[in-house]
Colleague: 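Can you keep this structure in mind? I'll have questions shortly.
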Amino acid sequence: MTIYFHNTLSKMKEEFVPINSNEVRMYTCGPTVYDFAHIGNYRAYLFEDLLRRVLQYNGYKVTQVMNLTDVDDKTIKGSQELGIPLDDFTRKFKDEFFKDLDTLRIQRAEYYPEATKHIPQMVDLVKRLIENEHAYLGEDNCYYYRVSSFEDYGKLSGKKINELICGIRVRSDDYSKDEARDFALWKSWAEEDGPVFWETDLGKGRPGWHIECSAMSTHYLGNHFDIHTGGEDNIFPHHENEIAQSEGATGEKFVNYWLHCAHLIVNGEKMSKSLGNFYTLRDLLEKGYDPVFIRLLLLSTYYRQQLNFSFEGLEATKESLNRLYDFIEWLKRVKEGEITEAVNSLVNESRRKFKESLNNDLNISPAIASIYELIKNVYSLNKEKAVTSSDAEALLNFVHEVNTILDILPEDKGDLEPELMQLITEREDARVNKDWNRADRIRDELAEKGIILEDTPDGTIWKKRG
RNA sequence: GGCGGCGUAGCCAAGUGGUAAGGCAGCGGUCUGCAAAACCGUUAUUCACCGGUUCAAAUCCGGUCGCCGCCUCCA
């Protein structure tokens, strides 16, 4: 089945054709490790997780690289404020980042290169740019990229190169360069950098931000690879500059497909600390939300659409997932019978719609809807007790297939404590004796502990609800 | 100012020319000792507003209003 992606470069939806037939190489812009990542960051990483899984679902072998920016103004500043070495400062946030990835069930990329471990590759790239006359040494001993030397500059963001010179917001910064629009490739050491510097052929200093992604992506994926992603704020200048650097150095096309995800906002406003609507993952976990609800909420809006985060939305996601979980538990209780044509065709229809939607530029809303349509249709069919155990097995298989992409099934929460099991038994006795008051009291008591009881024709079942 | 996106029920959100998916919430009913779960019915004659094109528009075109993003280091 064909996959389509919206390519920022062409501003159009295009058929996806990988460079090599069975494998996809992609670079996904990762975090700057100066603080805990917030849920807006994770929206981007979840979009990339979805992209990765959809490619795998289509049979591609995926090689993904995600960088960790562990040297820049903010990380240096942060380490100085705490009076600790840069590595110690960034280590903590790297560790927390990986913990969060696991919490959100984000699949690991193949490589997580750190900027500080790839200085030679960056230096080498800058030297090639100097040779190609795309880079120059400024009066301040910093190396800059001469934007005017790259004819295609602006092709990703749609910016007119000449308008960049005199834009209102463009200010000349502390560095001396030929033109305001030129950007730093290598920053020479300054006193405020303290112990953070590398002695290289470019002098004593540290890399500019954009150069790390050009250097590390080509190092791991080659000069020309399939997909590059990030948040939409990266389009300009970061990704525009990456193209200028990479193509300026190699003379080859850098990336075929650029995918960018829209921002997350909170209650209709931009998330910011001053508005008090700024959330990290741990903020939400502290409020008692199961991370899988957060995963699905951040995943369930089409990536090119701004996502409005709200606790109301989180509650809605939780309830809808509970419907799926109840469906699964119900399937497990269906007893016997051969597979029926009715269920078989419902599953096939749902699978078709699921995959077709995801292959259409990761359009996840109809994909999720296809699952709920299936649930509704199957329950409806069961009005005449028409659903068999073989049907249930087929449905469970499909749910697990879907789960290879969505990854939203509950963790096994284990058995109940013996004393709680005892309470359930006591309630059964009370019910047999028609002691409804006592039975209801026990049910309420368990409910307060998050244990929900349901009396079915086959006996009482319990479930834990988060 | 430049570029881009969006405005569909109480909320979230599909649908881009053929007569409004799905989820949450609500209401009525069936089932149940009562619940829960589930099912059935119901909840937008209408898609920000105004014009236009068309046999036919939420979907295309023009205009108006509102919201949001980017415009040098923020995913």
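Heavy-atom basis, side chains included; hydrogens, waters and symmetry copies ignored. In what follows, every chain begins at residue 1, and chains take the letters A, B, ... in the order their sequences are listed.
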Colleague: On a plain distance test, is the side chain of A:Asp455 in donor-acceptor contact with the base of B:rC34 below 3.5 Å?
Modeller: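 Pair found.
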Colleague: Establish, with yes or no, whether the OP1 or OP2 oxygen of B:rC74 is under 4.0 angstrom from a side-chain nitrogen or oxygen of A:Lys74.
Modeller: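 For A:Lys74, the contact criterion (side-chain N or O under 4.0 Å from OP1 or OP2 of B:rC74) is met.
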Colleague: Indicate, with a heavy-atom threshold strictly under 4.0 Å, whether A:Phe47 touches base, sugar-phosphate, or nothing.
Modeller: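 Nothing: the residue A:Phe47, judged by heavy atoms under 4.0 Å, touches no strand.
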Colleague: Check whether the ring centres of A:His38 and A:Tyr279 lie less than 6.0 Å apart, and answer yes or no.
Modeller: no
Colleague: B:rA58 and B:rG26: how far apart are their C1' atoms, nearest whole angstrom?
Modeller: 25 Å
Colleague: May I ask you to say what A:Tyr42 touches in the nucleic acid, namely base, sugar-phosphate or nothing, with a heavy-atom cut-off under 4.0 Å?
Modeller: nothing
Colleague: Which base sits across from B:rG62 as a Watson-Crick or G-U pair, both distances under 3.5 Å?
Modeller: B:rC50
Colleague: For A:Ile371, report the nucleic acid contact type (base, sugar-phosphate, nothing); a contact means any heavy atom under 4.0 Å.
Modeller: nothing
Colleague: Measure from the side-chain heavy atoms of A:Tyr379 and tell me the nearest of B:rA36, B:rC70, B:rA38.
Modeller: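 Nearest listed nucleotide: B:rA38.
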Colleague: Mind listing the closest non-hydrogen atom pair of A:Asp182 and A:Val147 along with its distance?
Modeller: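 Nearest pair, atom of A:Asp182 first, then A:Val147: OD1-N, 2.9 Å.
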Colleague: At less than 4.0 Å, is any side-chain N or O atom of A:Asn363 found next to OP1 or OP2 of B:rA13? Yes or no.
Modeller: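 So the side-chain polar atoms of A:Asn363 never come under 4.0 Å of the phosphate oxygens OP1 or OP2 of B:rA13.
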Colleague: When you get a sec, tell me which of B:rA37, B:rA21, B:rC73 is the closest nucleotide to the side chain of A:Glu373?
Modeller: B:rA21
Colleague: Using atom CG of A:Asp182 as one end and atom P of B:rC73 as the other, report the distance to the nearest whole Å.
Modeller: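 Roughly 15 Å, once rounded to whole Å.
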Colleague: Using the C1' atom in both, what is the distance from B:rA48 to B:rC68, to the nearest Å?
Modeller: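 Each nucleotide's C1' atom is 15 Å from the other's.
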Colleague: Starting at atom CD of A:Glu356, determine the distance to atom P of B:rG15, rounded to an integer number of angstrom.
Modeller: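 Spelled out: CD on A:Glu356 to P on B:rG15 is 12 Å.
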Colleague: Calculate the interatomic distance between A:Asn41 atom CG and B:rC73 atom P; express it in whole Å.
Modeller: 17 Å
Colleague: Under 4.0 Å between any heavy atoms, over every strand shown, what does A:Ile265 touch: base, sugar-phosphate, or nothing? Just pick one.
Modeller: nothing
Colleague: May I have the distance from A:Phe309 (atom CZ) to B:rC68 (atom P), rounded to whole angstrom?
Modeller: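 Checked: the CZ to P distance equals 19 Å.
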Colleague: What's the closest nucleotide to the side chain of A:Ser365 if the choices are B:rC24, B:rA21, B:rA75?
Modeller: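 Within the option list, the nearest is B:rA21.
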Colleague: Tell me if the side-chain of A:Arg443 makes a donor-acceptor pair with the base of B:rA36, cut-off 3.5 Å, by modelled atom types.
Modeller: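 By the distance-only test, no, there is no pair.
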Colleague: Among B:rC68, B:rC73, B:rA21, which is the nearest nucleotide to the side chain of A:Ala369?
Modeller: B:rA21
Colleague: Under 5.5 Å between ring centres and under 30° between planes: true for A:Tyr372 and the base of B:rG22?
Modeller: no
Colleague: Using the C1' atom in both, what is the distance from B:rA44 to B:rG1, to the nearest Å?
Modeller: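 Roughly 39 Å separates the two C1' atoms.
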Colleague: Contact class for A:Arg427 (heavy atom, under 4.0 Å): base, sugar-phosphate, or nothing?
Modeller: base
Colleague: Now, which nucleotide makes the Watson-Crick or G-U wobble pair with B:rG1, with each of the two distances under 3.5 Å?
Modeller: B:rC71
Colleague: Just name whichever nucleotide pairs with B:rU19, Watson-Crick or G-U, keeping both distances under 3.5 Å, else none.
Modeller: none
Colleague: For A:Leu284 and A:Ile294, which heavy atoms make the closest approach, and how far apart are they?
Modeller: CB-CD1, 3.7 Å
Colleague: Ignoring the backbone of A:Arg181, work out which of B:rC70, B:rU72, B:rC40 is nearest its side chain.
Modeller: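 Per side-chain heavy atoms of A:Arg181, the pick is B:rU72.
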Colleague: Just to confirm, is there a sub-4.0 Å distance from OP1 or OP2 of B:rC12 to any side-chain nitrogen or oxygen of A:Thr301?
Modeller: no
Colleague: Ignoring hydrogens and angles, answer whether the base of B:rG33 and the side-chain atoms of A:Asp440 contain a donor-acceptor pair closer than 3.5 Å.
Modeller: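 Yes, the side chain and the base share a sub-3.5 Å donor-acceptor pair.
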Colleague: State, to 0.1 Å, how close A:Leu86 and A:Asp70 come at their nearest heavy-atom pair, and which atoms those are.
Modeller: CD2-O, 3.5 Å
Colleague: So, for A:Ile39 and A:Met271, which heavy atoms are closest and what is the spacing to 0.1 Å?
Modeller: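 Closest heavy-atom pair between A:Ile39 and A:Met271: CG1-SD, 4.1 Å.
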Colleague: Tell me which one of A:Asp193, A:Asp72, A:Thr116 satisfies side-chain hydrogen bond (donor to acceptor under 3.5 Å, both in side chains) with A:Arg206.
Modeller: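 The passing option is A:Asp193.
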Colleague: In whole angstrom, give the distance that lies between atom CZ of A:Phe236 and atom P of B:rA75.
Modeller: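 That distance rounds to 17 Å.
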Colleague: The side chain of A:His38 lies closest to which of these nucleotides: B:rA35, B:rA75, B:rC73?
Modeller: B:rA75
Colleague: A:His263 has a side chain; which of B:rC12, B:rC68, B:rG69 sits nearest to it?
Modeller: B:rG69
Colleague: On a whole-Å scale, what distance lies between the P atoms belonging to B:rA20 and B:rA9?
Modeller: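 Taking atom P in both B:rA20 and B:rA9, they lie 16 Å apart.
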Colleague: Whom does B:rU32 pair with, Watson-Crick or G-U wobble, provided both distances fall under 3.5 Å?
Modeller: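 Partner of B:rU32: none.
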Colleague: Please give, in whole Å, the distance from B:rC3 P to A:Lys11 NZ?
Modeller: 12 Å
Colleague: Applying the side-chain hydrogen bond (donor to acceptor under 3.5 Å, both in side chains) criterion to A:Lys13, which one of A:Asn360, A:Asp361, A:Asn7 satisfies it?
Modeller: A:Asn360
Colleague: Under the 6.0 Å and 45° cation-pi test, does A:Lys74 pair with A:Tyr34?
Modeller: yes
Colleague: Describe the nucleic acid contact of A:Asp326 in one word from base, sugar-phosphate, nothing, applying a heavy-atom distance below 4.0 Å.
Modeller: sugar-phosphate
Colleague: Say whether, by atom type as modelled, one donor and one acceptor occur between the side chain of A:Ser188 and the main chain of A:Asp140 under 3.5 angstrom.
Modeller: yes
Colleague: With a non-hydrogen cut-off below 4.0 angstrom, is A:Gly158 in contact with a base, only sugar-phosphate, or nothing?
Modeller: nothing
Colleague: How far, in whole Å, is B:rC34 from B:rG41 if one measures between their C1' atoms?
Modeller: 24 Å
Colleague: Which nucleotide in the list B:rC34, B:rC24, B:rG69 gets nearest to the side chain of A:Ala316?
Modeller: B:rC24
Colleague: Side chain of A:Glu319 only, heavy atoms from C-beta on: which candidate in B:rC24, B:rC34, B:rA75 is closest?
Modeller: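 Nearest nucleotide to the side chain: B:rC24.
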Colleague: For B:rU42, give the paired nucleotide (Watson-Crick: N1-N3 plus N6-O4 or O6-N4; G-U: N1-O2 and O6-N3; both under 3.5 Å), or none.
Modeller: B:rG26
Colleague: Quickly work out the A:Asn241 CG to B:rC74 P distance and round it to whole Å.
Modeller: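 Rounding to the nearest Å, CG of A:Asn241 and P of B:rC74 are 13 Å apart.
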Colleague: Can you check whether A:Arg323 has a side-chain N or O nearer than 4.0 Å to OP1 or OP2 of B:rA25?
Modeller: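 Checking B:rA25 against A:Arg323, no side-chain N or O comes under 4.0 Å of OP1 or OP2.
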Colleague: What's the closest nucleotide to the side chain of A:Lys463 if the choices are B:rC34, B:rA37, B:rA75?
Modeller: B:rA37
Colleague: Rounding to the closest angstrom, what is the interatomic distance between B:rG7 and B:rU46 at atom C1'?
Modeller: 15 Å
Colleague: Send over the distance from A:Glu242 CD to B:rU72 P, rounded to a whole Å.
Modeller: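 Spelled out: CD on A:Glu242 to P on B:rU72 is 17 Å.
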